[in-house]
Chemist: 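One structure follows; several queries about it will come next.
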Amino acid sequence: MVLSGSAPDVQATPDVQAVLPHSAAQRKPRRIAALVLPELVVELAWSHFCTDTERRGGKLVSSRDATQPGSMGRLPFAVVVLEDQELEGEVPASAPLSAASEAARRFGVRSGQSITEACALVSNLIVQELPQPQIVRELQRLAEVALGFGASVSYEAPDTVWVDVTGAAHLRGGEEQLALQLADRVRQASAGGGGHTVRVVIAEGPRIAQAVARWGRLSREGVLVLNPEDTKAKLAELPVVALPLDQERTSWLSRLGLHSIGAVAELAPSVASSRLGEHAGQILDLCQGRDREPLVPYVPPELLVEQTSWDDAMDGLLPLQFVARGLVARLSSRLQGRGEAAQLLELAVLHDRSIARLRQVDPVTELRFELAAPLWREAELLRVVRSRLENMKLVAPSIGLVLRAPILTRAVTEQLDLAGARPMGKAGTRSVHSSVHTQGSASLPVLLAELVADLGGERVGVLELVDSHRPEERSRLVGVRSLTSKRKSKARGRRAAAKPTPVQALLPCGNNFEALELPTRLFSQPIALSNMNAAISPRARVSRFVPQLPSKSPALANVRPLVTPADRKQDRSLGRSLEPGSTLSFGRRLYTIAQARFESRLDGVEWWTSHPVSRDYWRLTLESRSEQAERASFDALVFIDRLTGGHFLQGIYD
Amino acid sequence: MALPAELLAQLPSSVFTGGAAFPDPGFSAQASILPGSAEALTQAAAGQPSELFGRSAARALRLGLPLDALLPDGGLPSGAVVEMSVSGAAALGTSVALAACRAAQAAGADTEEKAWCAFVDPTGSLYAPAAARAGVSLERLLVLRPSLEALSRTALRLVESQVFPLVVVDLAGIAGKLLDVPLAGWVRVVRRLAIAVEHTDTTVLLITDSAAARPLPLPVAQRFELRLQGELLSVRTTKDRRGRVMGTRKVRASAMRAGSSEDREASDGSERLSA
């Protein structure tokens, strides 16, 4: 069967319909959710006002004036939005108000009034300045938070965020559930922590949804899902001020007695279009319930940055932790909205420059948190950040905090594993160990991040085997994450190294390598020993215990003896310094050598470098006496550097 | 007040039965198996938890070493803080700790991955090849090297996370790098550790130096001392869950060393016990 590209030419069976491109009739209508925050300006300004008052040590409100500490309550409060941040602090008394709180509105204060007029109505009116960029930043942040609910988001100052939820409602249990969850999420993500007032409407177009959210009657939860067939009727109830018209045209329509959108919709298009300006067509379509305005998506920035600053420098870590908590909460909500997780966090503490200069310290303290696993939840990120902040010492009073997440990755959520949640078995059985600690191991990445943040990345990790001739380089500590990524290649290398080659199987001294016992503790920097009995000879040769090379080994046919007979006669004092009965001193204690056995030799290792290795290893049994005159002994691995003659303690057989 | 070890060894076995002034509800007059006695060794060889003083030692982390038969619970008790006090700067404490890590990792072998263990090593001297040869899975052994001032909070963080069935904390150091940890400050820390592991299966193993000054004994559930003299390792339990003291027992050091051929055979399932 040949399928045509155009649907109307083909008699489509249900199976074929699924393959053919959708026609206009079959295309699903757009569903746009508009989040309107009618009190956003007042809420932002209030949170700034509260924070500044607390930082200055002032008591914000008395218990009579507010139901909750820090809430506006009955305080009359108004806001002046500044287009230019440089005018902050220099606003004239004639400047118009941009918004007023409910308490101020009850006294007759309205937006558009000058500060002088408003203060004449309310004597204790609090007026706060708010730069416009802060409103835009908050809307952008809320748009990112809402990104988790739809394909794209957009925003418009001063109070609207849109989310394109076309085809996404079923993931949340329907459009109404989606609207409720969206409203809840935005309320929780408020910058001041007090919660935003949110009204959510889902409709066919952004302007319709915005108009209904601003002026329409919603449910008690503040949400409404507008079906396409109800759109025109719902719009008809709204006042003309809901249309995107300037104030002059709105006033003109009111003078004509047209107070609702329904009344405007009844006008003949030829009459209305000449009076409604250049966007008349769009406005008339809107009145008929048609909204084809495209949603210009907002593209979130790649680098996530949250920052805050304050005027008065703060001393002490507690206020800093409080501020950091707010930054982490906002960062987490943005990560959650984007579906991303942070693999690296950077926290910069900004200090007062003048005091930092006086104390000769850096004006910025940078803290870096490398996360063993990507994290995005607020509680987990806060644990990591707090673990470092709690133990930090402030070099100078702070005036700001900047939190960055430079490396992001996709957040992978794990499905709940019911098989892992086993009932408790008998005490002492294996199932008890595994069930409890399987559940706990899910928090291992957060614990690792916390430990790395507190101790440093170089002090936390797992041990790794390294192929090297030098014993002190055969073991190293690596981060847990780096080991995981190279697990397969290292495992292969380890398997190859474990099988000794014919040359390695037999050391020049005749010892079997595999039979040699390894010290459980080995010092990365060998400790120099001081022998109480004999002086160290600078150019010593081991005279008495030179091993004999196996004569018939083909692999060693070209190896010449390391020590000639002439050397054997020279300087036997070195061999005597490790004789039983000698006393060694290290770690502020004295030890007596009870037994000395030759272990192995390293010779000609890394001969091409400036520090080649040539050592004779001895296993010494050392005895010590406690204050109660009780004898105790242990075995130590000591080597003699054949180039310098020095004695060094390499490890302990513990 | 505890009797000296020499006098304890001279007392007849009937003195140890009967539980003294605080009879235990689960105690049976019939049970009179002494730790280190032939019956205890036989039970340990058969893989059964030894019945000591009438109670079955069910919740214990068995090390797979001859040391198991010498400990009151047949191993390191779960849900408790255990102090292993070493004498003479090195007395196979690290070998015992690695054996415990191996056993704890194997205990989680029912799941797809082994359980994690944590080893707090302030000296930074734990040697990877020896740990690998002792049968410890290096990929599942978290090693931390905190400074002395961060030691206590690191230990608390590890234990309170309840991620690890075994946490080893080295407070003694090693010959050449002895740690100067004031144990007086660790009384409160150990109490917090004990509260954190109570009713869990986590074991906290503290390695301390017997010569370190301690104005107060650490409030641990079990304490045993190790002393190496030549080829013999002396083990003495100075405190069990009921505060009892046991006499000194000796075991061959070669059977206890990490990665020794005898230890590897023991970890494979067969146990070699000292007489």
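Here is how names work: the chains are called A, B, and so on, in the same order as the sequence lines, proteins then strands, and each is numbered from 1.
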Chemist: Select one option (side chain, backbone, both, neither) describing which atoms of Ile652(A) are under 4.5 Å from chain B's heavy atoms.
Modeler: side chain
Chemist: Are the side chains of Ser387(A) and Arg157(B) in contact, using a 4.5 Å heavy-atom criterion?
Modeler: yes
Chemist: With a 4.5 Å heavy-atom cut-off, do Phe523(A) and Thr123(B) have their side chains touching?
Modeler: no
Chemist: Is the number of heavy atoms from other residues, nucleotides or ligands within 6.0 Å of CZ (Arg192(B)) greater than 12?
Modeler: no
Chemist: Quick check: closest heavy atoms across Leu455(A) and Ala150(B), and the distance to 0.1 Å?
Modeler: CD2-CB, 3.7 Å
Chemist: Mind checking the CG-CZ spacing from Leu178(B) to Phe586(A)? Nearest 0.5 Å is all I need.
Modeler: 8.5 Å
Chemist: Taking side chain as everything from C-beta outward and backbone as N, CA, C, O, which of these in Leu144(B) sits under 4.5 Å from a heavy atom of chain A? Side chain, backbone, both or neither.
Modeler: both
Chemist: Considering non-hydrogen atoms only, spot the tightest contact between Gly230(B) and Ser633(A) and give its length.
Modeler: N-OG, 2.9 Å
Chemist: State which residues pass side chain to side chain contact (heavy atoms under 4.5 Å, CB included) with Ala128(B); sequence neighbours excluded, sorted by chain then number.
Modeler: Leu463(A), Leu465(A), Ser475(A), Leu138(B)
Chemist: Give me the one residue out of Leu447(A), Leu444(A), Val446(A) that meets side chain to side chain contact (heavy atoms under 4.5 Å, CB included) with Ser161(B).
Modeler: Leu447(A)
Chemist: Which region of Ser234(B), side chain (C-beta onward) or backbone (N, CA, C, O), has a non-hydrogen atom less than 4.5 Å from a non-hydrogen atom of chain A, or is it both or neither?
Modeler: neither
Chemist: Need one label for Tyr591(A): side chain, backbone, both or neither, based on atoms under 4.5 Å from any heavy atom in chain B.
Modeler: side chain
Chemist: What are the two closest non-hydrogen atoms of Leu649(A) and Ala175(B), and how far apart are they?
Modeler: CD2-O, 4.0 Å
Chemist: Just wondering, do Phe634(A) and Val86(B) contact through their side chains at under 4.5 Å, heavy atoms?
Modeler: no
Chemist: Could you give me the CA-CA distance, side-chain angles and deciding distance for Leu451(A) and Leu158(B), then say whether side-chain contact (heavy atoms from CB on, under 4.5 Å) is met?
Modeler: CA-CA 9 Å; Leu451(A) 290 168; Leu158(B) 289 171; 3.8 Å; yes
Chemist: Is the shortest side-chain heavy-atom distance between Leu142(B) and Leu448(A) below 4.5 Å?
Modeler: yes
Chemist: Donor-acceptor check, side chain of Asp654(A) to backbone of Ala91(B), threshold 3.5 angstrom: yes or no?
Modeler: yes
Chemist: Which residue pairs satisfy the salt bridge (charged side-chain N to carboxylate O under 4.0 Å, His left out) criterion with at least one member in residues 162-178 of chain B, sequence neighbours excluded?
Modeler: Arg521(A)-Asp170(B)
Chemist: Would you say Asp635(A) and Leu228(B) make side-chain contact, with heavy atoms under 4.5 Å?
Modeler: no
Chemist: Please look at Glu450(A) and chain B and tell me whether the side chain, the backbone, both or neither of the residue comes under 4.5 angstrom of a heavy atom of that chain.
Modeler: both
Chemist: Within the side chain of Arg145(B), is there an N or O that forms a donor-acceptor pair under 3.5 Å with the backbone of Arg459(A)?
Modeler: no
